[in-house]
Amino acid sequence: MQISDRVFVITGGASGIGRGNVEYFHRLGARVAIFDMNAEAGEALVAELGDKALFAQVDVTDEASVARGIAATVERFGAIHVCLNFAGIASAAKTLGKDGPFPLDKFNKVIQINLVGSFNVLRLAAEKMAGNELVDGERGVIINTASVAAFEGQMGQAAYSASKGGIVGMTLPVARDLASFGIRVNTIAPGLIHTPLFEALGEKVVTALSQQVLNPQRLGTPDEIAHLAKSLVENPYINGETVRIDGGIRMQPR
Ligand code: NAI
């Protein structure tokens, strides 16, 4: 799928990796719809980018909210060709910690936003993509975001890893379901990516975390995630796949 002039829905687009992708694909000539809860950051970004960008205050877990965002995108840009799901939260607690068992409402919230939210957006985006004209055998591309925690979750990551493992698990069946519509579905599994979260941790922590990455020995960047997303959008032969992008973090002996 070509990028220029195509319409991208990017969830979590007001911050971090999502924001990096909004800026990247906007630079390449795409029209971008930012779906995020954070109206202040989302609207400020649209003010920078101009009329090829729109912001919709969307809660990915809420059916009506996503439907409104999709409708606003189609009304403004006429279609949806690409859906990039970056909205997510990372909330850590031990299964049994000093304050007791992992609070169930906290576990549920992570699953709702990361897993159910991604599915909610992709299913409603796919419904619109199905109405697109078939161009070179394609009507749309969907990319979800897992994490290396889907495969190698750390202590405290039971909910986060379960949510990301769910994203990896649904990638193939959703790709199968949407194949006959000409819609491809892939998942990106990032390692440690430099986002505002890491800035808040301070330089010492960033250096310590960087040393866990073998080569290159640093955190990844949102641009590097966008570079992979670009490949997945453009290459018609990648489908139903989960791609790790982590600087080889699992090669580090522990
Ligand atoms: P971030 O916190 O900088 O951005 C996440 C965005 O999602 C925020 O703008 C937030 O407002 C939005 N959001 C949260 N809940 C929402 C909801 N219910 N509806 C709509 N928007 C919502 O996070 P970051 O670091 O950019 O992460 C983006 C994605 O990448 C997440 O799915 C995360 O799990 C994943 N990831 C991040 C890694 C990292 O090292 N930063 C590593 C592996 C995966």
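One-based numbering, in listed order, for ligands and for the atoms of each.
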Give a table of atom pairs where an N or O of ligand 1 lies under 3.5 Å from a protein N or O.
{"residue": "ligand 1", "atom": "3 (O)", "partner": "Ser15", "partner atom": "OG", "Å": "2.6"}
{"residue": "ligand 1", "atom": "9 (O)", "partner": "Asp36", "partner atom": "OD1", "Å": "3.2"}
{"residue": "ligand 1", "atom": "9 (O)", "partner": "Asp36", "partner atom": "OD2", "Å": "2.7"}
{"residue": "ligand 1", "atom": "11 (O)", "partner": "Asp36", "partner atom": "OD1", "Å": "2.6"}
{"residue": "ligand 1", "atom": "18 (N)", "partner": "Asp59", "partner atom": "OD1", "Å": "3.0"}
{"residue": "ligand 1", "atom": "19 (N)", "partner": "Val58", "partner atom": "O", "Å": "3.3"}
{"residue": "ligand 1", "atom": "19 (N)", "partner": "Val60", "partner atom": "N", "Å": "3.0"}
{"residue": "ligand 1", "atom": "25 (O)", "partner": "Thr195", "partner atom": "OG1", "Å": "3.3"}
{"residue": "ligand 1", "atom": "26 (O)", "partner": "Ile17", "partner atom": "N", "Å": "2.8"}
{"residue": "ligand 1", "atom": "32 (O)", "partner": "Phe86", "partner atom": "O", "Å": "3.1"}
{"residue": "ligand 1", "atom": "32 (O)", "partner": "Lys164", "partner atom": "NZ", "Å": "2.9"}
{"residue": "ligand 1", "atom": "34 (O)", "partner": "Tyr160", "partner atom": "OH", "Å": "2.6"}
{"residue": "ligand 1", "atom": "34 (O)", "partner": "Lys164", "partner atom": "NZ", "Å": "3.1"}
{"residue": "ligand 1", "atom": "40 (O)", "partner": "Gly191", "partner atom": "O", "Å": "3.4"}
{"residue": "ligand 1", "atom": "40 (O)", "partner": "Ile193", "partner atom": "N", "Å": "2.8"}
{"residue": "ligand 1", "atom": "40 (O)", "partner": "Ile193", "partner atom": "O", "Å": "3.4"}
{"residue": "ligand 1", "atom": "41 (N)", "partner": "Ile193", "partner atom": "O", "Å": "3.3"}

Partner of Thr187 by side-chain hydrogen bond (donor to acceptor under 3.5 Å, both in side chains), out of Asn85, Thr145, Thr171: Thr171
Just wondering, more than 12 heavy atoms not from Glu199 lying within 6.0 Å of its CD? yes
Audit row: Arg19, Glu48, salt bridge (Lys or Arg N to Asp or Glu O under 4.0 Å) steps and yes/no: CA-CA 12 Å; Arg19 183 187 169 114; Glu48 272 176 45; 3.5 Å; yes
Can you find a pair of side-chain heavy atoms, one from Asn186 and one from Ile238, that are under 4.5 Å apart? yes
Quick one, Met129 and His81 - any side-chain contact, counting heavy atoms below 4.5 Å? no
Apply the test salt bridge (Lys or Arg N to Asp or Glu O under 4.0 Å) to residues Glu127 and Arg123: give CA-CA distance (whole Å), side-chain angles for both, the deciding distance (0.1 Å), then the verdict. CA-CA 6 Å; Glu127 188 184 21; Arg123 77 194 173 100; over 6 Å; no
